[in-house]
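This report refers to the structure that appears directly beneath it.
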Amino acid sequence: MNFESVLVGPFGIVLTDSFSENGDYYGDGSAENWVKVAPDGKRTTLPNYYAQSERNIVTLRELFSKNNIYKVPIEYYTVVTRSAKKFNV
């Protein structure tokens, strides 16, 4: 499980992750990987951030269920920290 921050409150749990690499991102929710095209045209394959967040939620729910904790609302957000991004999802 990989995430940066956890916020726990009466509303449930919010997990966050962030990245700040410049470029255009291509992919969809079901793809195993996404492609990032940097401003210089270099293409890089990255893990699908959406799929990663779903796996993190499943892992956290499994951990809770082993401790008889159920029905906890969990949300996951990936924060993009620079403005020079274009998503084609």
Side-chain angles (χ1 to χ4, degrees):
M1 197 164 32
N2 182 26
F3 50 86
E4 292 179 2
S5 301
V6 179
L7 177 62
V8 179
F11 52 81
I13 297 174
V14 175
L15 307 172
T16 65
D17 194 7
S18 66
F19 64 96
S20 61
E21 299 176 23
N22 283 333
D24 296 342
Y25 291 78
Y26 298 87
D28 63 47
S30 62
E32 183 176 337
N33 293 304
W34 289 355
V35 174
K36 179 189 88 161
V37 180
D40 64 1
K42 181 179 177 187
R43 299 170 78 84
T44 307
T45 301
L46 302 169
N48 178 337
Y49 291 107
Y50 175 78
Q52 178 180 328
S53 68
E54 291 295 313
R55 287 190 299 271
N56 287 339
I57 290 172
V58 167
T59 301
L60 189 57
R61 287 197 187 285
E62 289 171 354
L63 177 66
F64 284 164
S65 68
K66 288 180 182 176
N67 292 284
N68 297 317
I69 301 170
Y70 302 98
K71 296 185 180 182
V72 176
I74 302 173
E75 295 184 30
Y76 195 108
Y77 296 96
T78 298
V79 179
V80 180
T81 61
R82 290 191 183 169
S83 61
K85 303 243 184 316
K86 176 181 171 187
F87 283 92
N88 299 291
V89 178

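Computed over heavy atoms, backbone and side chain alike; hydrogens, waters and symmetry mates excluded.
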* Asked: What is the minimum heavy-atom distance between Ile74 and Ile57, and which atoms define it?
  -> CG2-CG1, 3.9 Å

* Structure fact -> The remaining residues in the hydrophobic cluster of Leu7, counting side-chain heavy-atom contacts under 4.5 Å among Ile, Leu, Val, Met, Phe, Trp and Tyr, are Phe11, Val14, Tyr77

Spacing of [X] atom [atom1] and [Y] atom [atom2] [to the nearest 0.5 Å]:
| X | Y | atom1 | atom2 | value |
| --- | --- | --- | --- | --- |
| Thr44 | Tyr25 | OG1 | OH | 8.5 Å |
| Phe64 | Thr59 | CZ | OG1 | 11.5 Å |
| Glu75 | Thr16 | CD | OG1 | 12.0 Å |

* Structure fact -> Result for side-chain contact (heavy atoms from CB on, under 4.5 Å) between Val58 and one of Arg55, Arg61, Glu62 points to Glu62

* So, does Trp34 use its side chain to make a donor-acceptor pair with the main chain of Asp28 at under 3.5 Å? -> yes

* Taking a hydrophobic cluster as the set of Ile, Leu, Val, Met, Phe, Trp and Tyr residues connected by side-chain heavy atoms closer than 4.5 Å, whether directly or through intermediates, do Ile69 and Leu15 fall within one such cluster? -> yes

* To do: Check whether Leu63 and Tyr70 end up in the same hydrophobic cluster, where Ile, Leu, Val, Met, Phe, Trp and Tyr are linked by side-chain heavy atoms less than 4.5 Å apart.
  => no

* Structure fact -> side-chain contact (heavy atoms from CB on, under 4.5 Å) filter on Asp40, not counting sequence neighbours, yields Ala38, Lys42

* Asked: Is there side-chain contact between Gln52 and Asp17, with at least one heavy-atom pair below 4.5 Å?
  -> yes

* Heavy-atom check, side chain of Tyr76 versus side chain of Leu60, under 4.5 Å -> no

